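Below, each value reflects all heavy atoms present in this structure, side chains not excepted, and no hydrogens, waters or symmetry copies. The structure displayed is predicted, hence computed values, not measured ones. Note on naming: letters A, B, ... go to the chains in the order of the sequence lines (proteins, then strands), and numbering restarts at 1 for each one.
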Number of protein chains: 2
Amino acid sequence: MSDWREFDQNPVSHSAAHHLTTIQWLLDDQGYARVSDVARHLGITRGSVSVTLKGLRQRGLVVEDDHKHLSLSVEGLRIARGIRTKRILIQALFREVLGVPDNVAEQDACKIEHLISDQTAEAAGGFLIGLEESSSDPQLAKVLQSLRMPPAAPSTNFPGVGTQKLALRLEKKDSHGEDPSS
Amino acid sequence: MSDWREFDQNPVSHSAAHHLTTIQWLLDDQGYARVSDVARHLGITRGSVSVTLKGLRQRGLVVEDDHKHLSLSVEGLRIARGIRTKRILIQALFREVLGVPDNVAEQDACKIEHLISDQTAEAAGGFLIGLEESSSDPQLAKVLQSLRMPPAAPSTNFPGVGTQKLALRLEKKDSHGEDPSS
DNA sequence: TCAACCTGTTTGGGTTACCAAACTCGTTGG
DNA sequence: CCAACGAGTTTGGTAACCCAAACAGGTTGA
């Protein structure tokens, strides 16, 4: 089993992920990105952004031109695009497949975007592509619809009875007394 | 859009989540749980566990009996079970539905177990239950199989061409110039 | 011109969560 | 009997984060 502390040994932290994706978003949106813009966008102080970006500059992920305008290095852009793509895929997976309301899917995706492995994200992408390709199949649509969360059940307590039973079944199947410390 | 810092404003932190689930696991496994057991299990020092558990005791999540044996309060147990259930459900979702290898699914599930909303976890549970119930349907099985990640493609770069294209499509559909700061 | 304003940086503080190391305490084997 | 050991705690250090506040520079409008 894997070390549970892999949690915070990711390429970039949650904070760094948002700094990077924000810079890119600002560039796309308004053509430039400065410390103040990033701070406003993230809802934190300029001082915090200044310090964080100093680190990201030293790590070669963020570049600052002679006019204090920020942009991403090739590596920074690669990371930002990866995280952004993961967020979009996870959000779509939760929304399209599980039937979770979009705003909830978005919140969840935002929290986990930088933690999901490439492999799982790619698998989610593949699944969604397949879904899209066979969206014309009424049989599939019907089946999937029946699996999705009923839109009128957002407030049920977690875990519901059926869900809890399923989890217990899965746990037994899966665990032969091993260590869940992962 | 939601505040991106909801990240660390969860009922319990990643660390606390693991302390709680570890205590319960030790109780189930060996009938008791002490600070040293938790420390060994998590791979951190006794001092760290001692300090963390002091906080969890003050928050009323962990109880210590007169023999320094740890257990969870009702609330602590509720939280621990919730997190454990979420991990199992997410792991199963990634494994059964997306076709991700079990160890990868486990790692990912471990990282995000304490971040996923109740609603999404419940939806995952509902989806898996539906899947289980219709597992006898050969048509469904075939369709799902076709959507799953090919087992022989674990090492492709992320994001793959198709995945990236999908993400771009999703992004456009979804965003009408809004703010991805979630 | 120069005060007001915006920008970016630095500094001191607070939180969480880890470590190493020193310390206490109870049990236990020679 | 007591040295040695394991268990638990405390303490000082580190590293990310965040904040507020003070500062330094550049623009700009009156």
* Is it true that a side-chain atom of B:Ser50 and a backbone atom of B:Arg46 form a donor plus acceptor pair closer than 3.5 Å? -> no
(request) May I ask you to say what B:Ser48 touches in the nucleic acid, namely base, sugar-phosphate or nothing, with a heavy-atom cut-off under 4.0 Å? (result) base
Touch class at under 4.0 angstrom, heavy-atom based, for A:Arg59 against every strand present:
nothing
Table of protein N/O atoms under 3.5 Å from nucleotides 21-28 of chain C N/O atoms:
none

Read 5' to 3' with Watson-Crick or G-U pairs under 3.5 Å, [ ] for crossing pairs and | for partners on another strand, DNA chain C gives ||||||||||||||||||||||||||||||
Are [X] and [Y] within salt-bridge range, i.e. N to O under 4.0 Å?
| X | Y | result |
| --- | --- | --- |
| A:Asp37 | A:Arg34 | yes |
| B:Glu171 | A:Arg84 | yes |
| B:Arg169 | A:Glu132 | yes |

Atom CG of B:Leu53 and atom P of C:dT16 are separated, to the nearest Å, by 15 Å
Given the rule that I, L, V, M, F, W and Y join up when any side-chain heavy atoms are under 4.5 Å apart, are A:Leu89 and A:Ile129 in one cluster?
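In one cluster: yes.
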| said: Tell me whether the count of non-hydrogen atoms from other residues, nucleotides or ligands lying under 6.0 Å of CZ in A:Arg57 goes above 12. | reply: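 Yes - once you tally the heavy atoms of other residues, nucleotides and ligands closer than 6.0 Å, there are more than 12.
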With the side chain defined as heavy atoms from C-beta on, A:Lys54 is closest, among C:dT10, C:dG8, C:dC18, to C:dT10
* Partner set under side-chain contact (heavy atoms from CB on, under 4.5 Å) for B:Glu96, not counting sequence neighbours ->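 B:Glu96: side-chain contact (heavy atoms from CB on, under 4.5 Å) contacts with B:Ala92, B:Leu128.
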Footprint ends on DNA chain D, 5' to 3', for atoms under 4.0 angstrom from a heavy atom of chain B, come out as D:dA7 to D:dC19
Whichever of A:Ser13 and B:Arg40 has the more 5' nearest nucleotide on DNA chain D, that residue is B:Arg40
The complete set of ring pair (Phe, Tyr, Trp, His ring centres under 6.0 Å) pairs with one or both residues in residues 56-83 of chain B, sequence neighbours excluded, reads B:Tyr32-B:His69
The complete set of ring pair (Phe, Tyr, Trp, His ring centres under 6.0 Å) pairs with one or both residues in residues 42-62 of chain B, sequence neighbours excluded, reads none
(Q) Within the structure provided, determine whether B:Ile112 and A:Asp108 are in side-chain contact (heavy-atom separation under 4.5 Å). (A)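 A side-chain contact under 4.5 Å is absent here.
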